[in-house]
> 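After the structure tokens below, expect a handful of questions from me.
Letters go in sequence order (proteins before strands), and every chain restarts at 1.
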Amino acid sequence: MDLRTLLSGEDPVHIARQLIGVELYTHIDGRETAGLITETEAYWAPDDRASHAYGHRRTPRTEPFYARAGTSYVYLCYGIHELFNVITGPQGVPHAVLIRAIEPTLGVPTMLARRHMESLKPQLSRGPGVLSLALGITRAQNILDLLDAESPVQLRAGAGPQVQADVVCTPRIGIDGAGPEWAAKPWRFYRSGTQYVSRLNAF
DNA sequence: ATTCCGATGCGCT
DNA sequence: GCGCATCGGAATA
């Protein structure tokens, strides 16, 4: 199945799982960087209270949710961090997958420089905020078609679909404010055994 | 116009 | 484990 078809699917939780292992590539400020997605979370609006598009909320910020599957959604969190999401689902159905960590595959020196780090360590790109720093992603990359080969930010099908046993499933991070019902949903996924995962001890 | 607060990360204890 | 930076979106008035 091609990526566009996958991302257009009805079930963002399934898509979040399938995105583990897919490559996220950027060509920003004249530098190429990329990594394999190791950690994701699904956001299932309109029902999901943890989503910015809860209840079909439609404002300038949530506009990307109503674009076609494969569109980027980048927003500012805590006034500091740029968080990168992939819009999924049939057009007009505001589903999204938050990318929380990647394992670098291209442009490590560039990423190290952007992170002001000397040597390659997992904290280079684990966590949704620092992942964007490493890849050079900011709100300037909001609302891009991630499946367009001309786009400065792209999703590229990688080593093929992951085996289910290789992926761990847990509740999502940092959404207690959405209430216990939504905070408990096991909609976070990460590659089993990888060092490129945020908050490994959270559960 | 004002207020509230968040899908985080880092440094310090 | 804890405090806090930092700011824009969204709701309220």
> With a 4.5 Å cut-off on side-chain heavy atoms, are A:Pro64 and A:Ile143 touching?
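Yes; the side chains approach each other to less than 4.5 Å.
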> Only one of A:Arg17, A:Arg126, A:Arg188 passes salt bridge (Lys or Arg N to Asp or Glu O under 4.0 Å) with A:Glu39; say which it is.
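Running salt bridge (Lys or Arg N to Asp or Glu O under 4.0 Å) over A:Arg17, A:Arg126, A:Arg188 with A:Glu39 returns exactly one hit, A:Arg188.
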> Has A:Arg57 got its NZ or CZ under 6.0 Å from the middle of the six-membered ring of A:Phe65, at an angle within 45 degrees of the ring axis?
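Relative to the ring axis of A:Phe65, which defines the angle, A:Arg57 lies outside at least one limit.
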> Determine, stepwise, if the pair A:Asp48 / A:Arg172 fulfils salt bridge (charged side-chain N to carboxylate O under 4.0 Å, His left out).
CA-CA 12 Å; A:Asp48 184 359; A:Arg172 296 175 290 179; 2.6 Å; yes
> Looking at CG of A:Leu146 and OG1 of A:Thr26, how far apart are the two atoms once the value is rounded to the nearest 0.5 Å?
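Going from CG on A:Leu146 over to OG1 on A:Thr26, the span is 11.5 Å.
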> What nitrogen or oxygen pairs link the protein and nucleotides 4-7 of chain B at under 3.5 Å?
residue: B:dA7; atom: OP1; partner: A:His52; partner atom: NE2; Å: 3.1
residue: B:dA7; atom: N9; partner: A:Tyr75; partner atom: OH; Å: 3.3
residue: B:dA7; atom: N7; partner: A:Ala50; partner atom: O; Å: 3.1
residue: B:dA7; atom: N1; partner: A:Asn85; partner atom: OD1; Å: 2.3

> Could you list, one pair per line, each protein nitrogen or oxygen that sits under 3.5 Å from a nitrogen or oxygen of nucleotides 11-13 of chain C, together with the distance?
none

> Which is more 5' along DNA chain C, the nucleotide nearest A:Arg139 or the one nearest A:Ile80? Just name the residue.
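Checking each residue's closest nucleotide, the 5'-ward one belongs to A:Ile80.
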> Does A:Arg115, at its CZ atom, have more than 12 non-hydrogen atoms belonging to other residues, nucleotides or ligands within less than 6.0 Å?
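Yes, enclosed.
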> Quick check: are there more than 12 heavy atoms from other residues, nucleotides or ligands sitting under 6.0 Å from NE2 of A:His56?
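For A:His56, atom NE2 is crowded (more than 12 foreign heavy atoms under 6.0 Å).
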> To the nearest 0.5 Å, tell me how far A:Ile87 CD1 sits from A:Tyr43 OH.
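Rounded to the nearest 0.5 Å, the CD1-OH separation comes out at 12.5 Å.
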> Quick one: side-chain hydrogen bond (donor to acceptor under 3.5 Å, both in side chains) pairs with a partner in residues 70-86 of chain A, sequence neighbours left out?
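Those involving residues 70-86 of chain A are A:His52-A:Tyr73, A:Glu82-A:Arg139.
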> Once you round it to whole Å, what is the distance between P of B:dG9 and CE of A:Met117?
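The distance from CE of A:Met117 to P of B:dG9 comes to 13 Å, rounded to the nearest Å.
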> Give me the distances for all protein-to-nucleotides 1-3 of chain B N/O pairs that come in under 3.5 Å?
none

> Give me the one residue out of A:Val13, A:Leu19, A:Asp11 that meets side chain to side chain contact (heavy atoms under 4.5 Å, CB included) with A:Ile15.
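Option passing the side chain to side chain contact (heavy atoms under 4.5 Å, CB included) with A:Ile15: A:Leu19.
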> Around atom CG of A:Asp2, are there more than 12 heavy atoms of other residues, nucleotides or ligands at under 6.0 Å?
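Yes, the 6.0 Å shell around CG holds more than 12 heavy atoms from other groups.
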> Taking any heavy-atom pair under 4.0 Å as a contact, classify A:Thr62: base, sugar-phosphate, or nothing.
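Sugar-phosphate only.
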> Rounded to the nearest 0.5 Å, how far apart are CG of A:Leu7 and CG of A:Leu3?
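The CG atom of A:Leu7 sits 5.0 Å away from the CG atom of A:Leu3.
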> In Å, rounded to the nearest 0.5 Å, how long is the span from OG1 of A:Thr40 to CD1 of A:Ile102?
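Output value for this atom pair is 13.5 Å.
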> When you compare the protein's N or O atoms with those of nucleotides 10-13 of chain B, which come within less than 3.5 Å of each other, and at what distance?
residue: B:dC10; atom: OP1; partner: A:Arg115; partner atom: NH1; Å: 3.3
residue: B:dC10; atom: OP1; partner: A:Arg115; partner atom: NH2; Å: 3.3

> Are A:Glu41 and A:Arg100 ion-paired here, with the side-chain N under 4.0 Å from a carboxylate O?
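Yes, this pair counts.
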> For residues A:Trp187 and A:Leu98, determine if any side-chain heavy atom of one lies less than 4.5 Å from a side-chain heavy atom of the other.
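The answer is no; the side chains never approach within 4.5 Å.
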> Name the stems with DNA chain B in them: runs of three or more consecutive Watson-Crick or G-U pairs, distances under 3.5 Å?
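So far as stems of 3 or more pairs are concerned, DNA chain B shows B:1-6 with C:7-12, B:8-12 with C:1-5.
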> Using a heavy-atom cut-off of under 4.0 Å over every strand shown, decide if A:Arg199 touches base, sugar-phosphate, or nothing.
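The residue A:Arg199 makes no contact with any strand.
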